[in-house]
Amino acid sequence: MSTSEIAPAGAGESDRAAFRAGPVDEESRARLAAGGLDYRRVAVADEEFASWLQAVGRGFLDSERSEAQIASIRERSGYRRVTGVYDPEGPMPEVPVSTIASWLGDLAVPGGALIPSCAISAVTVAPTHRRRGIARAMLEGELRAAQAAGIPMAMLTVSESTLYGRYGFAPAAPRAGWRIETKRAGWIGPRPEGRIDFIPRERARELLPVLHDRVRHLTAGEIDVPGSHWDNFAGTTPVAEKAGEKRAVQYTDAAGEVRGAAIYAVRENHDDFTKSTVSVHYLLAENDDAYAALWRFLLELDLVAEVTSYELAVDEPLLWMIADQRAAKVSVVDHQYVRVIDVVAALENRRYGAAGRLVLDVADPLGLATGRYLLEAADDGAGRVRPLEDDEAVDAVTVVLGIAELSATYLGGVSLATLVRAGRVQVAPGGPASTHSEAVAAASRVLGWHTAPRLSIWY
Ligand SMILES: CC(C)(COP(=O)(O)OP(=O)(O)OC[C@H]1O[C@@H](n2cnc3c(N)ncnc32)[C@H](O)[C@@H]1OP(=O)(O)O)[C@@H](O)C(=O)NCCC(=O)NCCS
């Protein structure tokens, strides 16, 4: 891990504000209006936001929000573009039948750039109005609104894996959930010289965003974390539940610089006090020493038999820091979904695993990104991309793929060769690659990346 690079700036504040305040998509508004529904933005500061929040809670099977919870969420929601669909014929016309919150965020991509990306969240449709195309209208609407605002990517995390492929999203950064038997693991990793200390949760709340801003560009898939999420991790909102269970520690290196922090909770085992469990809510390390020191601290806690953590990368060095790898049960699940909206901007922002030329023949059911594009990756990993004319022939490997498959490969989380074997992508020889297998290998090397993408939050 290197921290010598300066994190590249992502989306600017004026672009974020413009997207937040921008209109809903006219095509979707007209489609919903034809069915008697009113699709519009919702003002966070106004009373209508409270009803919108109650609709989100109901959609996710939560209980009703209290006044205090609403006030707390409202205070932390200023960054969101909030939209709802209303049914004026219903007995509660002030409560939306469908909700979405989105915002212009930054997505870290292979090579360390931060690309502006439309984050989509709080997607609900009331069970009374399901399966009438309302979610489709809103999602297509947000994607078109993002395109109109010049945003090249969209991203989301999901409740169900089957919902978003139809809109061109694909799982691009999986998450690895770990359960580690601590007594069995055996620490064989480094033992850095710095120190671990407990800190107040409020101090962790201040520290985590600062550390995260220093390193997030180094891991493809990470995003700029909204402040409300840090409050939730640290339990620092007035309405935080079980905040007292959370413990926070920091790692300070030998030179006195704080380089990492972790927030975790312990669950005591009353039947056997030596078998308590620890769940790690967030662990952030600015360098390899901080990473080793924090994990060692957690795995060597007395009276703890199991440590769990659920938003880790599939290539965690931690696996190579324990003597018994079978002490860790790792399960991998789709997590960060992305959707390329602007092929040229998206592909020119990331770096590539090898030099080469590829024709990408992209199909997009929503028509946002359909076309043939020439990608030329240089020796330093930089890529140039241009749309090809209809009849323009290029002697290069041709990759025929849908927008979801292009999005799946975008963060380097899946090899193109895997998608070819899965029948999701077709590759034809060209240029120096004269056989199919050479073409697949060449295209996979170009589009690949040397570290796995990861996203450490849900949104
Ligand atoms: C998921 C949800 C938003 C769908 O809303 P909806 O208005 O019923 O969806 P639509 O009628 O617009 O359906 C759009 C498409 O998605 C499909 N679809 C909808 N819900 C689905 C589900 N749960 N599983 C698989 N497909 C689903 C529909 O069949 C339809 O397919 P098609 O247009 O390709 O033929 C809604 O059921 C809901 O609020 N669920 C609970 C909250 C939740 O899980 N939200 C998602 C958070 S990530």
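Computed from heavy atoms alone, side chains included, the values below leave out hydrogens, waters and symmetry copies. Atoms within each ligand, like the ligands themselves, are counted from 1 in listed order.
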For [atom], what's the nearest protein heavy atom and its distance?
{"atom": "atom 20 (N) of ligand 1", "answer": "Arg131 CZ, 3.1 Å"}
{"atom": "atom 44 (O) of ligand 1", "answer": "Ser159 OG, 2.6 Å"}
{"atom": "atom 7 (O) of ligand 1", "answer": "Ala135 N, 3.1 Å"}
{"atom": "atom 14 (C) of ligand 1", "answer": "Tyr167 OH, 3.4 Å"}
{"atom": "atom 30 (C) of ligand 1", "answer": "Arg166 NE, 3.9 Å"}
{"atom": "atom 33 (O) of ligand 1", "answer": "Arg136 NE, 2.9 Å"}
{"atom": "atom 23 (N) of ligand 1", "answer": "Glu160 OE2, 2.9 Å"}
{"atom": "atom 24 (N) of ligand 1", "answer": "Thr162 OG1, 3.5 Å"}

Practice task
Give a yes or no on whether atom 40 (N) of ligand 1 lies under 4.0 Å from any heavy atom of the protein.
Solution key: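 Answer no: nothing from the protein, no heavy atom, is under 4.0 Å.
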Problem - Flag: protein heavy atom within less than 4.0 Å of atom 35 (O) of ligand 1 - result: no
Exercise for the section: For the pair Thr182 (side chain) and Ala305 (backbone), establish whether a donor and an acceptor sit closer than 3.5 Å, ignoring hydrogens and angles. Expected result: yes
Handout entry: Heavy-atom donor-acceptor pair, Asp106 side chain to Leu114 backbone, under 3.5 Å
Key =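 Judged by distance alone, no pair lies under 3.5 Å.
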Ligand 1 to [X] polar contact by distance, N or O atoms, under 3.5 Å:
{"X": "Val158", "answer": "no"}
{"X": "Arg132", "answer": "yes"}
{"X": "Gly59", "answer": "no"}
{"X": "Leu163", "answer": "no"}

Exercise for the section: Tell me whether the guanidinium CZ or amine NZ of Arg81 lies under 6.0 angstrom from the six-membered ring centre of Phe19 and within 45° of its axis. Expected result: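 Yes, a cation-pi geometry.
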Exercise for the section: State whether Tyr86 and Arg40 meet the cation-pi test: NZ (Lys) or CZ (Arg) under 6.0 Å from the six-membered ring centroid, and within 45° of the perpendicular axis. Expected result: yes
Problem - Closest to atom 38 (C) of ligand 1 (judged by heavy-atom distance), picking from Val85, Val125, Leu156 - result: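 The residue whose heavy atom sits nearest atom 38 (C) of ligand 1 is Val125.
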Exercise for the section: State whether a side-chain donor-acceptor pair under 3.5 Å links Arg267 with Ser279. Expected result: no
Exercise for the section: For Gln325 and Trp320, test the side chains for any donor-to-acceptor distance below 3.5 angstrom and give the result as yes or no. Expected result: no
Exercise for the section: Could you walk me through whether Asp315 and Arg454 pass the salt bridge (charged side-chain N to carboxylate O under 4.0 Å, His left out) test, one step at a time? Expected result: CA-CA 9 Å; Asp315 61 354; Arg454 175 208 176 186; over 6 Å; no
Problem - Tyr164, portion touching ligand 1 at heavy-atom distance under 4.0 Å - result: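 For Tyr164, only side-chain atoms sit under 4.0 Å from ligand 1.
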Practice task
Kindly say whether the aromatic ring centers of Tyr352 and Trp449 come within a distance under 6.0 Å.
Solution key: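 No, the ring centres sit 6.0 Å or more apart.
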Exercise for the section: Please examine the side chains of Arg31 and Glu140, heavy atoms only from C-beta on, and report whether any two atoms are closer than 4.5 Å. Expected result: yes
